[in-house]
Amino acid sequence: MKRNIVIAVVTAAALVGGGTATALAVSGDDDDASTSATRTDDDRDDRDDRDDRDDRSDDDGDRAAAPGDVTAADAIAAALKHTPGTAVSAELDDAAWEVDVLGKGDTWHSVRIDPDTGKVRGSSEDDEDDAAEVRAALKGASVTAEEAAKAAAAKGTVVSVDLDDDGDDRGWQAETRASGGDERDWDVALTTASVTADRDDD
């Protein structure tokens, strides 16, 4: 029986939807049917999706690395408008301002403020047992957290302000960031808003 070898080679390359079509040929006897399988890989859509995700990641990274237009004082004011009470601290954390507000009794509120818009992102409530100490430290104080943040802003961009209620050196502590990225700590007096370099700051 005479055997005829039939070799079918299909080398047609076609762009289907931006992808690559690859044809595979199978050879066999004349009695066998030649079969071919065509596989279409559309990599363009996957690549576009990856590019979009990369662009969003870069944008998020840039936004997290640099403070927005809302200052510490602005964030405190926005938090108090949303949740009345006594602001005790404000910190730029995870691309948002987090302001701690002491409400009635022992109730604490943590209010998150968008650093670009000044809008409230959300708030949570908790009961802590240090409310009495905080109120005692602020007794007779005439400088609020917002005013302390404004005073410290003369030294650089304020990224945090917090009440130090320990010992005789009670007062506001502020951290500033210079344009070059250097960070410094400052003490702000509770009654005069005078700003002095923190003695523990190296």
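The shown structure was predicted, so the numbers you read here are calculated from the model rather than taken from an experiment. Residue indices begin at 1 and follow the sequence shown.
Within the 4.5 Å cutoff, the side chain of Val111 has no heavy atoms near those of the Leu80 side chain. Proximity of Gln173 to Asp185: side-chain heavy atoms (C-beta onward) are nowhere separated by under 4.5 Å. Residues Trp172 and Asp164 have side chains not in contact (no heavy-atom distance under 4.5 Å, counting atoms from C-beta outward). For the pair Ile113 and Val120, the minimum side-chain heavy-atom distance is below 4.5 Å. The side-chain heavy atoms of Arg170 and Leu190, taken from C-beta on, include a pair separated by under 4.5 Å.
Nearest heavy atom pair, residue Val88 against residue Val134, reads CG2-CG1, 3.9 Å. The two atoms that bring Ser142 and Glu147 nearest to each other are O-OE1, 3.3 Å, heavy atoms only. The two residues Ala149 and Ala72 come nearest to each other via the heavy atoms CB-CB, 4.0 Å. Between Trp97 and Val70, the shortest heavy-atom contact is NE1-O, 3.0 Å. Of all non-hydrogen atoms in Asp187 and Ala197, the two that sit nearest each other are OD2-O, 4.1 Å. The two residues Ala148 and Val161 make their nearest non-hydrogen contact at CB-CG2, 4.2 Å.
Residues passing the salt bridge (Lys or Arg N to Asp or Glu O under 4.0 Å) test with Glu98 are Arg112, sequence neighbours excluded.
Considering Lys155, Glu183, Arg184 in turn, Glu183 is the only one that fulfils the side chain to side chain contact (heavy atoms under 4.5 Å, CB included) rule with Glu175.
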Taking distance alone, no hydrogens or angles, what donor-acceptor pairs closer than 3.5 Å link side-chain atoms of residues 99-108 to residues at least two apart or in another chain?
from: Asp100; atom 1: OD2; to: Ser89; atom 2: OG; distance (Å): 3.0
from: Thr107; atom 1: OG1; to: Lys104; atom 2: O; distance (Å): 3.3
from: Thr107; atom 1: OG1; to: Asp127; atom 2: OD1; distance (Å): 3.4
from: Trp108; atom 1: NE1; to: Asp130; atom 2: OD1; distance (Å): 3.3

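Looking at Trp186 and Thr176, their side chains do bring a donor and an acceptor atom within 3.5 Å of each other.
Salt bridge present: Arg121 and Asp114 bring a charged side-chain N and a carboxylate O closer than 4.0 Å.
Put simply, Val158 and Leu163 are part of two different groups of oily side chains (I, L, V, M, F, W, Y) that touch within less than 4.5 Å, one to the next.
Applying the side-chain hydrogen bond (donor to acceptor under 3.5 Å, both in side chains) test to pairs two or more places apart or on separate chains, those with a residue in residues 71-87 are Thr71-Asp74.
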